[in-house]
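Counting convention: from 1, in listed order, for ligands and their atoms alike.
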Amino acid sequence: MAGKNVVIFGPPGAGKGTQAVKLAELLNVPHISTGDMFRYHVKNDTELGITAKSYSDRGKLVPDDVTIAMVKERLGRDDAKEGFLLDGFPRSVPQAEALDGILADNATSLDCVVNIRVSEDEIRTRLAKRAAIEGRADDADPSIIQNRIDTYKSQSEPCLGYYKTKGRLRDINGIGTIGEVFDRVSEVFE
Ligand code: AMP
C-alpha cells in the first residue's frame, strides 16, 4: 500500500481528471486539480484568473511562481494534512522540486506518482471528443492542442525522469475503459 500523498500525472487527454476523481474518493483525500483551480479563477474574473487565462488560452503553462504559490496555499489547508491527490501539478521540473520543498516544510513527503500512459494519436482523438462534450476552448483548436502536446513534451515529461530517479513512479497503461484503467490504478494502493 502506497501512502496517501499522491500525484496523478500524464499528458493532456490521458483521462487523468476522471481517474483522479475516482482515486481521491477511494483514498478519501482531497482532489486538487490546478486546471480546475485556474478555471474557477477565470470564471470569477479574479486577478489570478486574468493572468491564468492569458496562458491557458494558448495552451501554455501558467508561470511557475503563480502556480506554485497557489498549490502551496492549498496544501497548507487542514484537509490536505492526511493526504492529497494532486492532478495537473507538477507540470515542470521546477514545480516538482518546489513540491518536494513545500512537503518538506510541512514535515512530509510525496509517496507516489501515478503516470497514465497513452499515445499521441490517442491524445488527439480524446481531446477532440472532450471539446465536443465539455466545450473547453483549449480543446477545440488544433493549433492549441498541438501547443499543449508540445508543452507537455518539453516541460512536463521531464518530471518523469525526476520521479523515476527517486523511485516514486508507477506506470499505468491508460488505454481501456474508465473502469479498466481504474482497476490498474487501484492496484497500486492495495
Ligand atoms: P488542465 O485542466 O490540467 O489541462 O489545465 C488547463 C490549463 O491550466 C493548462 O493548459 C495550463 O494553462 C494551466 N495549468 C494547469 N495546471 C498547471 C500547472 N501545474 N502549471 C502551469 N499551468 C497549469
| task | State the atoms of ligand 1, each with its element, that fall below the 4.0 Å cut-off from a heavy-atom position in Q95. | result | 18 (C), 19 (N), 20 (N), 21 (C)
| note | Looking at G88, S33, P63, the heavy atom closest to atom 19 (N) of ligand 1 belongs to G88
| query | Should Q19 and V181 count as side-chain neighbours, where that means a heavy-atom distance under 4.5 Å? | reply | yes
| remark: Numbered in order shown, the ligand 1 atoms found under 4.0 Å of a heavy atom of T34 are 15 (C), 16 (N), 17 (C), 19 (N)
| field | Close side-chain approach of Q155 and R91, heavy atoms under 4.5 Å | value | no
| message | I'd like to know if M37 contacts ligand 1, where contact means a heavy-atom distance under 4.0 Å to any ligand atom. | response | no
| query | Do N5 and T108 get their side chains close enough for a donor-acceptor pair, meaning under 3.5 Å? | reply | yes
| said: For ligand 1 and V62, I'd like to know whether there is a polar contact (N/O to N/O, distance under 3.5 Å). | reply: yes
| request: Identify, by atom number and element, the atoms of ligand 1 in contact range of S56, meaning under 4.0 Å from any of its heavy atoms. | output: 7 (C), 12 (O)
| field | Atom indices of ligand 1 within 4.0 angstrom of R148 heavy atoms, with elements | value | 4 (O)
| message | If we ignore hydrogens and angles and just use 3.5 Å, is the side chain of K81 paired with the main-chain N or O of G76 as donor and acceptor? | response | yes
| task | Let me see the working for D100 and S109 under side-chain hydrogen bond (donor to acceptor under 3.5 Å, both in side chains), right down to the final yes or no. | result | CA-CA 7 Å; D100 280 343; S109 62; over 6 Å; no
| Which of the atoms in ligand 1, numbered in the order shown and given with their element, are less than 4.0 Å from a heavy-atom of R39? | 2 (O), 6 (C)
| request: Quick one: look at K16 and ligand 1, take heavy-atom pairs under 4.0 Å, and tell me if it's side chain, backbone, both or neither. | output: neither
| query | Looking at K60, which atoms of ligand 1 are within less than 4.0 Å of one of its heavy atoms? | reply | 11 (C), 12 (O)
| Are K22 and L27 close enough that some pair of their side-chain heavy atoms sits under 4.5 Å apart? | no
| message | Both conditions, 6.0 Å and 45 degrees, for the charged tip of R58 above the ring of Y55: are they met here? | response | yes
| query | Using heavy atoms and a threshold below 4.0 Å, how should the contact between T67 and ligand 1 be classified: side chain, backbone, both, or neither? | reply | side chain
| task | Specify the closest pair of heavy atoms between V118 and I123, including all atoms of both residues, with the distance to one decimal. | result | CG2-CG1, 3.6 Å
| said: Would F38 count as being in polar contact with ligand 1, using the rule that some N or O on each side must be under 3.5 angstrom apart? | reply: no
